[in-house]
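Input: a single structure, listed below in structure tokens.
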Amino acid sequence: QVQLVQSGGGSVQAGGSLRLSCVASGRPLSNYAMGWFRQAPGKEREFVASISRNGLTTNYADSVQGRFTVSRDNAKNTVYLQMNSPKSEDTAVYYCAAGGSTARNSGSYSYWGQGTQVTVSS
């Protein structure tokens, strides 16, 4: 199994920037495709971004395309989500997840981080 520990959440002003991190332990991060999801109060969990095992393929939700960037450093067993120009509607609990593909559905991911709150104020 792999354990995922997240950090980097918090409060940010609209138009600012914030970076989330997700560190894996137990198994090499390079074994997994990684995804980021988020869940706002009263809403279902939704796909944000994903990245392939070697980092060459990325996918983004339309709502964050061009503002958020997913990356990974397999040597550090860490995946990142760089959030630039966040908007108030990006406020949610963000989760990293490890799985076998860069799919957009949460069911494709087997391991999940603990979640971290991101609050964007306007």
For the hydrophobic clusters of this structure (ILVMFWY residues joined by side-chain heavy atoms under 4.5 Å, transitively), does one cluster hold both [X] and [Y]?
X	Y	answer
Tyr32	Leu4	yes
Val12	Val93	no
Tyr111	Val48	yes
Val2	Met34	yes
Met83	Val64	yes

Ignoring hydrogens and geometry, is there a side-chain-to-backbone donor-acceptor pair from Gln6 to Cys22 under 3.5 Å?
no

Can you check whether Arg53's main-chain N or O pairs, donor with acceptor, with Asn74's side chain at less than 3.5 Å?
yes

Chi angles and distances behind the side chain to side chain contact (heavy atoms under 4.5 Å, CB included) call for Thr91, Gln117:
CA-CA 8 Å; Thr91 295; Gln117 177 69 46; 3.9 Å; yes

Which residue pairs pass the side chain to side chain donor-acceptor pair (under 3.5 Å) test when at least one of the two sits in residues 39-48, sequence neighbours left out?
Arg38-Glu46

To the closest 0.5 Å, what do you measure between [atom1] ([X]) and [atom2] ([Y])?
X	Y	atom1	atom2	answer
Thr69	Tyr80	OG1	OH	14.0 Å
Leu20	Phe68	CG	CZ	8.5 Å
Ser21	Arg72	OG	CZ	13.5 Å
Ser30	Asn77	OG	CG	7.0 Å
Trp112	Ser106	CH2	OG	5.0 Å
Leu18	Asp90	CG	CG	10.5 Å

Go through Ser50 and Arg104 one step at a time and tell me if the side chain to side chain contact (heavy atoms under 4.5 Å, CB included) criterion holds.
CA-CA 8 Å; Ser50 62; Arg104 295 171 179 254; 5.7 Å; no

Looking at every heavy atom in both [X] and [Y], which two are closest together, and how far apart are they?
X	Y	answer
Ser17	Pro86	N-CD, 4.3 Å
Ala103	Tyr109	O-OH, 2.7 Å
Ser101	Ser108	OG-CB, 4.3 Å
Ala14	Ser122	CB-CA, 4.1 Å
Phe47	Asn59	CZ-O, 3.7 Å

Which is it for Tyr60 and Arg67 under the side chain to side chain contact (heavy atoms under 4.5 Å, CB included) test, yes or no, and what are the steps along the way?
CA-CA 10 Å; Tyr60 296 94; Arg67 299 187 297 119; over 6 Å; no

Counting only heavy atoms from other residues, nucleotides and ligands, does the tally under 6.0 Å from CD of Glu89 exceed 12?
yes

Knowing that exactly one of Thr58, Leu56, Thr57 qualifies, which makes a side chain to side chain contact (heavy atoms under 4.5 Å, CB included) with Ile51?
Thr58

